[in-house]
Structure formats: structure tokens, C-alpha cells
Amino acid sequence: MKKLQEYRALLLLCLLVPFMHSCSVRPGAQKLIAPNILFIMSDDHGYQAISCYNGSLNQTPNIDRIAKEGIRFDQSFVTNSICSPSRAVMLTGKFSHINGQRNNGEVFDGAQLTFPKLLQEAGYQTAMIGKWHLGSDPTGFDYWSILPGQGHYYNPDFIEMGEEIRVEGYVTNLITDAGLRWLETRDRAKPFCLLLHHKAPHRCWMPDTATLNLYNDVNFTLPDNFYDQYEGREAAAMQEMHMKDFCPVYDLKMLDREGEIQGPLKEYFEYRMDRMNSAQREAWEQAYGVEIDFYKQASLEGKALLEWSYQRYLEDYLRCIASVDENIGRVLDYLEKKGLAENTLVVYTSDQGFYLGEHGWFDKRFMYEESFRTPLVMRLPSRIKKGTRDELVQNIDYAPTILELAGVDIPEEMQGESLLPILEGREKGEWRDAVYYHYYEYPGPHSVKRHYGIRTERFKLIHFYHDIDQWELYDLHSDPTEMNNLFGKETYENITDTLYKRLIDLQNQYNDTTISNI
Ligand code: SGN
Ligand code: CA
């Protein structure tokens, strides 16, 4: 009899434990255990620098692993290609003009609804670790430890639950260490949602000492439009994010011992180097010494200087990414080791894409493909059907997707769509035919004019405004690198008209009142 009672108790426990993780989620989702969420986002990681996106520049075996065991989105876009705004969109599922975060430097209204808040209310344990860059303190997290502002690569400060601490080491490793520590000490009775947000590979691309010699012998091929002259594209001609705008000391690490190499932002870079300990500094001096000597004696000019700058830029940028990828591998290994891989949604994305020499540029902001698109791969073996998809998806979709997966109702005010049907491999059916974009940060760094626009599978129509009034039209099938502005050209009147009408529809649908006559 006692045995039977024990057996019954055990049986009851076995039946209950799987549902303990989904205790407060909506009925209907009960048959599935609420998945854990691990949302990894880096800063400025262009899809061209990810090997599973057919990038030939570098290898990213761990990001590729997420894609191979899950899903890769090939037409994934942001709504406003800049840091704080993208982060606000990701959290709220709403466009910048609705969530209020149009530019960097504005203070995020943390009182509004975000997906971590809703998950927390539904019984998840939530944490945010790494780059936050939203001005106000994080809300909706049981634990947070963020870099102040842009943060530092070496021996960075963190604000941990309101208290500033300085930690010795390299930022990408430290963010991962903190993430693993939190996973290890979390409350195991609850599902978790961890936002792990890397600073890398943000400007000024300072690699870890362990990667300083990567790519030394590689000669990267220049993009075909490296020497773009911006014909017919006024706003593109007026930007200040060209490789000729690089600061030799700050961007290209040409800080010589003698202090002879001058240039803008030199002090800014010295301040960063001053954070290093002696071993870190010595590794840097050794690694860059030869290049600095070369730079000093070669007195490069014109094309030679631009092409050398491009090589220098890519080496450091890709070294930063090597650390990001390796650290993603550490987290994936942890999930596997702890038996968490099957039921944890792993997302890898970036706050937007980046120019790696296309049009001669670095930075982001424009609605052209390299910065409008952003990498997006997801893995959840228990739910996601493996493969690649080409639906037009956008960062407004992340919050609704995660909420639906967790069995939490998606609030009306969220403007994105849940990607769950796509993740579950349902046939390509009804889906949006166009995405909307709006960038505001002008006047501002890199002088990219304000603009908004629409992109369909094939065409893109953009309007640059404020102190300029220029429309651009691209046929992405015949001109994927957007060199030929077709706006106003004969035979394109009909498509322009159709796109313009659709653009107005989208502005109405998303309540953006910035409507201009064509
Ligand atoms: C800094 C950088 C810019 C960069 C912005 C925005 N300049 O201002 O190059 O575009 O951040 O980046 S720096 O001299 O400080 O490096 S974002 O990721 O925060 O949007
Ligand atoms: Ca960014």
C-alpha cells in the first residue's frame, strides 16, 4: 500500500514537472513546455561577414551551427538602421515613431510594454546582459548587467543592477561569462529568457589579444562598387562614412610609440588604450608594430591609401567577429551539456547590418541592402523546421514571435507579425508583400539624410527629405548593389506609382504621419 502511494506521488510529479514551466501561459499552449529564450544580438554585424550567408570573408562555424540546426532568414530587415532605435523596436515590436526612440541618444521610455516584461509576468525568469544603449535602466528583467553607453572593449565597466563595476578582460568574453554564470545560478523551476547583447563588432573594432594575428596574410577582395561615384544619388554622395573619413589612429590603430601619427579622435583612442593592462598593451604593440612602421614610411595616398585602409578595417572587424562566434559556441555547448538545447530558442541577429567597403563605406543608416538587411538565424529543435526562408521579415516581428512561442497573448499595440508559422515550416502562404523603413538621425554622425521607403521582393522606393528632396528607385533583380537610380526614368512610371501607393498604405497602417507628395 505504501509502495502504491509512493508510486502515485511519483507519477503525479512526473506529470506535473513538464507543465511547471508553462504554468502561467495561456491555455491552449499547455501541451507544449514553454521554451527557454536565448536572444543573442551583436552590434553592427553585417551578413556579409557570416559564412552561412555565403560570405567568403570569414568563417563563423557557431553562427552557422544555429542556422544548420534551425532556420536562416535571407530577407530579414530592420526598420531604422541604427543602434538604440533598433533595440527599442526589438523590445517593443513597434516602429520608432510609436515607441519614441527615433535616434541614438534619446532616452527609452521603459514604462511601455516589452516582450521581456510580458514573459516575466507569465512566469519566466528574465535577464539582460551586455550592450543596452537605451539611456534608461532596463525594465522587465530579474537581473541586468549592462555596459554604460557604448561600453569599452577592454576591462569594461558594467552597471550591474544599478551598481557600477569594472571587470578585467575582453568584453565579448566577459558578457558570455556573465551569461553563463546567470544560467548556472538561475531558478530552475522557471523557463528563462536571456538577452545576451554583444558590443562587438562596433567601431572602433578593437579585437581581443587572442585574435590579433588572424587574417594577417589574407588579402580581401574589394567589393565591385568600392569606387562608387554616387551618380544620380545625391544623399549617398553627401555622407561622411567613406573610407577616406577613417581616422588613422582611432579606426586603423596607427598609434605609434613616438606619438608622431596625428589625426582626429587620437585622444579618444588613447583613452581606450589607457584602459588596458600592461600585458594587453604589449600584445597590441607587438601585433600592430609592423603595420605602424609600414604606414609611417609608405606615406600612402589616393587609391593606395583607401585600399590599405580597407584591408586594415576588415582585419580588425573580422577579428572582433571571430570572438563573437567563438563565444556563441561556448553558450551553445553549455546548452547541450545541460540538456537545454532541445527546448531553448536560440536567436542570433544584429541591431542592423553594416557596410564592409560596399559603396566605399563603413557604418550603416542607409536603406540600401547592406545596412537595411540584418542577419537572422534561429534554432529550437523541438519546434522549428530546419531550412532557409525568404519571406520579408523585420525586427518588429521578434517580440510577437517570442511571445507566441511562449504561449503569451500578443498585445494589440505590437506592429510586427509572429514568425511562428514560418518557423514551424508551414507552406509559404499569406505574408506581407512589402516592408517599411524610416531613418531619422540627421543632422548627426556620418551625415546620412533622413529618409523613408518601401521594399518589396524586387523593388525599392526611397525618399530622402528634410534639407533635401530626392526619390530613388531600384530594381534589385537587375541591380542588386543599388547603383542605378531608376526614379523618373522612362518605363518606370507604373511601378513607381504602384510602389508609392503601397508606401502610403504602409504609412497609414503603421500610423506614420510623414507623408510626402511624390
Ligand atoms: C559612434 C560612432 C559612429 C557610429 C555611432 C552609432 N563614432 O558615434 O561611427 O555610427 O556611434 O553607432 S565613434 O567615434 O564614437 O566610434 S551605434 O551602433 O550606437 O548606432
Ligand atoms: Ca549598431
Side-chain angles (χ1 to χ4, degrees), residues 40-49 76-91 96 101-108 130-135 146-154 156 171-172 175 195-207 239-253 255 263-273 275 309 313 316-317 320-321 324 348-356 360-368 370-376 395 439-450:
I40 311 174
M41 182 159 80
S42 57
D43 195 345
D44 297 356
H45 190 176
Y47 57 87
Q48 313 94 299
S76 148
F77 302 91
V78 294
T79 63
N80 181 0
S81 181
I82 188 82
C83 194
S84 318
S86 261
R87 287 160 202 273
V89 167
M90 181 272 286
L91 290 167
S96 308
Q101 194 80 23
R102 290 181 175 80
N103 301 309
N104 275 341
E106 278 166 344
V107 176
F108 179 65
K131 183 170 176 183
W132 175 248
H133 201 205
L134 281 166
I146 58 171
L147 302 171
Q150 295 281 9
H152 282 283
Y153 275 106
Y154 276 86
V171 72
T172 310
I175 288 170
L195 273 49
L196 210 55
H197 290 184
H198 290 293
K199 167 191 171 58
H202 190 272
R203 191 181 182 196
C204 62
W205 316 293
M206 291 176 79
Q239 47 58 47
E240 290 167 4
M241 47 189 259
H242 193 275
M243 284 197 191
K244 68 177 164 42
D245 300 315
F246 271 150
C247 311
V249 177
Y250 179 68
D251 291 306
L252 307 175
K253 327 293 172 349
L255 182 68
L265 300 183
K266 183 179 177 193
E267 282 171 15
Y268 205 33
F269 186 61
E270 282 170 336
Y271 166 64
R272 279 161 174 65
M273 293 293 288
R275 294 187 71 89
S309 302
Y313 163 49
D316 288 338
Y317 181 83
C320 290
I321 288 168
V324 170
Y348 181 72
T349 188
S350 170
D351 59 346
Q352 79 293 300
F354 214 65
Y355 294 94
L356 304 183
W361 297 340
F362 64 100
D363 215 69
K364 50 252 181 178
R365 302 161 191 275
F366 279 105
M367 197 192 165
Y368 303 130
E370 291 81 0
S371 50
F372 181 29
R373 269 181 71 185
T374 198
L376 180 65
N395 52 349
Y439 170 81
Y440 305 81
E441 196 174 273
Y442 179 87
H446 302 298
S447 294
V448 174
K449 304 286 183 187
R450 293 184 198 185

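Whatever order the structure lists them in is the order used to number ligands and atoms, beginning at 1.
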For this session: Tell me which N, O or S atom of Asp351 sits nearest to the Ca ion (ligand 2).
Result: OD2
Exercise. Of all N/O/S atoms in Asp44, which lies nearest to the Ca ion (ligand 2)?
Worked result: OD1
Enumerate the pairs of nitrogen or oxygen atoms, one from ligand 1 and one from the protein, separated by less than 3.5 angstrom; state names and distance to 0.1 Å.
| from | atom 1 | to | atom 2 | distance (Å) |
| --- | --- | --- | --- | --- |
| ligand 1 | 7 (N) | Arg203 | NH1 | 3.4 |
| ligand 1 | 9 (O) | Arg203 | NH1 | 2.9 |
| ligand 1 | 9 (O) | His446 | NE2 | 2.6 |
| ligand 1 | 10 (O) | Asp363 | OD1 | 2.7 |
| ligand 1 | 10 (O) | Asp363 | OD2 | 3.3 |
| ligand 1 | 10 (O) | Arg365 | NH2 | 2.7 |
| ligand 1 | 10 (O) | His446 | NE2 | 3.4 |
| ligand 1 | 11 (O) | Gln150 | NE2 | 3.3 |
| ligand 1 | 12 (O) | His202 | NE2 | 3.0 |
| ligand 1 | 12 (O) | Lys364 | NZ | 2.9 |
| ligand 1 | 14 (O) | Tyr250 | OH | 3.4 |
| ligand 1 | 15 (O) | Tyr268 | OH | 3.2 |
| ligand 1 | 16 (O) | Tyr250 | OH | 2.5 |
| ligand 1 | 18 (O) | Asp43 | OD1 | 3.4 |
| ligand 1 | 18 (O) | His202 | NE2 | 3.0 |
| ligand 1 | 18 (O) | Lys364 | NZ | 3.0 |
| ligand 1 | 19 (O) | Asn104 | ND2 | 3.4 |
| ligand 1 | 19 (O) | Gln150 | NE2 | 2.7 |
| ligand 1 | 20 (O) | Cys83 | N | 3.0 |
| ligand 1 | 20 (O) | Asn104 | ND2 | 2.9 |

Exercise. In Asp43, the N, O or S atom nearest to the Ca ion (ligand 2) is which?
Worked result: OD1
For this session: With rounding to the nearest 0.5 Å, note down the distance linking CZ in Phe246 to CE in Met241.
Result: 10.5 Å
Problem set entry | Centroid-centroid under 6.0 Å between His446 and Phe366 rings | no
Problem set entry | Candidate pair Asp44 and Arg203, rule salt bridge (Lys or Arg N to Asp or Glu O under 4.0 Å), full reasoning | CA-CA 8 Å; Asp44 297 356; Arg203 191 181 182 196; over 6 Å; no
Exercise. Will you find, in the side chains of Tyr47 and Ser350, an N or O donor that is under 3.5 Å from an N or O acceptor?
Worked result: no
Exercise. Between Tyr317 and Phe354, does the ring centroid distance fall short of 6.0 Å?
Worked result: yes
For this session: Say whether, by atom type as modelled, one donor and one acceptor occur between the side chain of Arg272 and the main chain of Tyr268 under 3.5 angstrom.
Result: yes
For this session: First locate atom SG of Cys83, then atom CG of Asn103, and finally report the distance between them rounded to the nearest 0.5 Å.
Result: 12.5 Å
